[in-house]
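Report on the following structure.
Side chains included, hydrogens not; waters and symmetry mates left out as well; all remaining heavy atoms used. Reminder, nothing fancy here: chain letters follow the sequence lines and each chain counts from 1.
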Amino acid sequence: MNHASLMMVLPEEILTIGAIVLMLVAAWGGQGATKMISWVAVAVLLGAGIALAGPASSGGAAFDGMIRADAFGAFAKVLIYAATAIAILMAPRFFRQTTGDDLRPEYPVLLLLSACGMGMMVSAGDLLVLYVGLELQSLAAYVLASFMRRDARSAEAGLKYFVLGALASGILLYGISLVYGFSGTTLFSSIATAYAGPHSLGLTFGLVFVFAGLAFKISAVPFHMWTPDVYEGAPTPVTAFFASAPKVAAMGMAVRVAVEAMGPATDQWRQIVIFASLASIIFGAVAAIGQSNIKRLLAYSSINNVGFVLVGLAAGTQAGIAAVLFYLTVYVVMTLGSFLVVLQMRGEDGQPVETIASLSGMSRTRPGLALALAIFMFSLAGIPPLLGFNAKLAVFDAAVKAGLYPLAVAGFVASVIGAYYYLRVIKVMYFDEPVGEGFPKSGDVVEGGLIAAAAVFVSPVGWVLLAPLGIATMAAAKALF
Amino acid sequence: MSFPILSVMLAIPALAAIGCLFLSPSGARWLALVATLADFVLGVALWASFDIGGPQWQFVENAGSIGVFSWKLGIDGFALMLIMLSVFLMPICIGASWVAIEKRVQEYMAAFLVTEVLMIGTFAAQDLLLFYIFFEAGLIPMYLIIGIWGGANRIYASYKFFLYTLLGSLLMLVAMLWMIQYAGTTDIPTLLQTDFPVHAQTWLWLAFFASFAVKMPMWPVHTWLPDAHVQAPTAGSVILAGVLLKLGGYGFLRFLVPMFPEASAQFTWLILGLSAVAVIYASLVALVQSDMKKLIAYSSVAHMAIVTIGLFAFNRLGIEGAMIVMLSHGLVSGALFLCVGVIYDRLHTREIDRYGGLAINMPRYALLFLFFTMASIGLPGTSGFVGEFLSLGGTYQVSTTITLLCTTGIILGAAYMLYLYRRVVFGDLTKDDVRAMPDLSLREIALLAPIAAVVLWMGVYPESFLAPMRSDVGTLVARVARAKPAGDSLPKAGTGIVPAAHAEAHK
């Protein structure tokens, strides 16, 4: 094991050591140390993010190619760490005000471990490293889903997530074993060589199973069933986390496998991706129409959005991958912003409410909050001049450039269906009469600031970021080709 | 670099919109009025300094690229006229909402100001994607205006408006992406010079048509318009009829015809046929309406069909006529909606039967309403006549049949407008609540009189409006000349004056 390789995984080392140390602090400090541990965990994530500036983003292959320290991984990790930090920041008030379980110090520790796993997922250069990262992330996520031990819905969410997640891991492992069996290696670069030459049907089967396993992790149709239940049952900060960071990690992992390991077989996996993409867009849009719970609605929205991200992957070009990263960036901001607004939704007894009907007339009772949510909803629907439009534009531009016209047309038409349910949220907030007093003000500066920052980011003010983001995503995508 | 007048015209209402949200209701009203008037003054300055016969694109600004598109503005004569229409109608809309809007005034004014930004931006954009962003973003404020301040069935209308137009626009976006890829640029002036392959033009044309036909609106995709008009507040209807419908016509003029001349020629008969159906069908439907706003909405469909036939005549007469009809319709139908708004504010109903005999207690109102009714019919001396005459004259060179059919629409137009006027204004004053209605207030006269003056101006001396567009029409006609379709009217050159057979020579 050489020193250069160790430097390339510095962010993961920081996260691992930080998590272990904080775990010990938690063991001795107990409940009282929660606040301190949360802030230290954020600092650890920040440190890991700073460590990305070094060899971790430009080193190339570490540990004989098992880990790839490139711009692509670094870009995804910045998103992952930021989303994880926000998930830590949004938790304390939620748990404090919600009767049931308190926030225990394990919460930030589990998020750190999950972040470490996600970092491995996006920079894995080997199927087994990928699997280890995935399991580290998933195991932490299962626990997080059922973090409110006394809440039946939360426990159910954790159990469902665990059972279905295990199934998906099984499918993925089966695919990996097929790929290994027919190519004799688990290293991406060698697998690519195997796909490039004449290869047996077994290798194609391996590809199908690997993609099925990956589709589960990004909750693409037809492997999306767990998403609404888990999103609804998990505590809201955890749901916000599930909808953001792991989506980036799973998408990053899928992109890397598709391009680096199976790039020569693009024509084969493109069919799978196109199907999953269109199915996700359409199903995510249609199924969301009937929802009355805002968290379930956002779950279907995330399925819908994954479909759009997959449009970029289906293009399979450098521009397509850059579009995927750009879309994910905007998506993470929109989603975290929406969930931060959901966190503000509390009834008169201070307990969380999740029905869309409770948003009635929010434009009168909480105009600022309503405006922010309206911006996120219009942006998710892809209406210009908000950044969600630019994200959709980028993926469809890549698809058109790759000659996938039917996909582009079908995707756009389906996005009209999606617009309907986003509009419904705005309708409830702006057109309906207020019920009761509206949600009490939280007065939480951190959450309010984050909502405002996210809203400004997706507003036309965010246009100034388009050019630098374009450069960064292109550089990141270039690392894969 | 010269004074970026177009960007300033965009910035003023944008900043005022944000400002409105933090003011009291009356503060928001005044700020909105001042901002729209300031934009109007800038618009007048724009027109005054527009160099007629100068370069095609004037006041060009280029602030460089933002991601995949760039902030590039510039106008030609068409855009100038439509921007003038927008900035002229905007202060009137604010005035029309002065007392009618009582709830959530700040948000209302902000929504209108944002609409103004987006309208000016759509006409001034010189980048294809920037155009699309302005064009599409207009849905958001209009959705809110209809949904929050609209009538009883406003929610249905707002959804229908939004989703209908969104579907069309997204197909256009796919076509835009293809064009950008083919031409390698998003610059509209360059794209206007690009010859796209003929087989691709057909698809591109259809995609653009899907968007602009809905916006226009053309029969049979016009059904969102009556709903949206009826449910929107008065000023919302004014802006919808006055400017937003013009986006469709502008799209035809700026993109569909000059960018895809071959495809346009190929589909000429589709357009002419649909337009002829629209004129007659919409006029007949207008005849049986019992709701005043719905009647005017259907009359809009008929008038916009006159625009499309003029555009697809492929000649100077038709295109100039189409532009004048657009401008005229923007003013006249806006004014008619204001006239409806005036009595709606007093009696809170749009049922025609609830009125009658207004000439007795509201003489000034009756006069102005009559004037705009006549302008809508196309009485000579008003703007309506000039536009329809030019447009039909242009079409006559292509198709006598279609011209014949569309001209019946003018007769039907006279029928439904005069019938409306008779029922509302003439007759006996039998209803007590109608008798109690006061005549126009000074504010209402101040809203209607300027429009009347411009309608008269355009009717008597249309040269002021035609001059800035003349060279652009020439460019457009030259561009599409190669694809000009053969019409069914085959005018033969005359043989000169034949002397009468048994004439005796005068000595």
ask   = Would the number of heavy atoms belonging to other residues, nucleotides or ligands and lying under 6.0 Å from CZ of B/Phe22 be above 12?
value = no

ask   = When you look at CD of A/Gln271, are more than 12 heavy atoms from neighbouring residues, nucleotides or ligands closer to it than 6.0 Å?
value =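 Incorrect, the count does not exceed 12.
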
Most chain A-contacting option - heavy-atom pairs closer than 4.5 Å, from [options]:
{"options": "B/Gly138, B/Gly147, B/Ala137", "result": "B/Gly147"}
{"options": "B/Leu21, B/Leu144, B/Leu139", "result": "B/Leu144"}
{"options": "B/Ile133, B/Leu166, B/Ile180", "result": "B/Ile133"}

What distance separates [X] [atom1] from [Y] [atom2], expressed to the nearest 0.5 Å?
{"X": "A/Trp463", "Y": "B/Phe69", "atom1": "CH2", "atom2": "CZ", "answer": "4.5 Å"}
{"X": "A/Phe396", "Y": "B/Leu177", "atom1": "CZ", "atom2": "CG", "answer": "9.5 Å"}
{"X": "B/Ile155", "Y": "A/Tyr430", "atom1": "CD1", "atom2": "OH", "answer": "15.0 Å"}

ask   = What pair of heavy atoms forms the shortest contact from A/Ser415 to B/Leu170, and how long is it?
value =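 Looks like OG-CD1, 3.3 Å.
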
task = Compare every heavy atom of A/Phe431 with every heavy atom of B/Tyr143, then report the nearest pair and how far apart it is.
result =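 Heavy atoms of B/Tyr143 and A/Phe431 come nearest at O-CZ, 3.5 Å.
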
ask   = Measuring heavy-atom distances to chain B, does A/Phe378 have an atom under 4.5 Å in its side chain, in its backbone, in both, or in neither?
value =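 Contact with chain B involves the side chain of A/Phe378 alone.
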
Using a 4.5 Å cut-off on heavy atoms from C-beta on, say whether the side chain of [Y] contacts that of [X].
{"X": "A/Ile426", "Y": "B/Phe162", "answer": "no"}
{"X": "B/Tyr132", "Y": "A/Phe389", "answer": "yes"}
{"X": "B/Leu163", "Y": "A/Leu423", "answer": "yes"}

key: side chain to side chain contact (heavy atoms under 4.5 Å, CB included) between A/Lys427 and B/Ser158, worked out   = CA-CA 9 Å; A/Lys427 177 225 142 197; B/Ser158 63; over 6 Å; no

inquiry  = Taking every non-hydrogen pair under 4.5 Å, which of A/Leu386, A/Ile417, A/Val400 racks up the most with chain B?
reply    = A/Val400

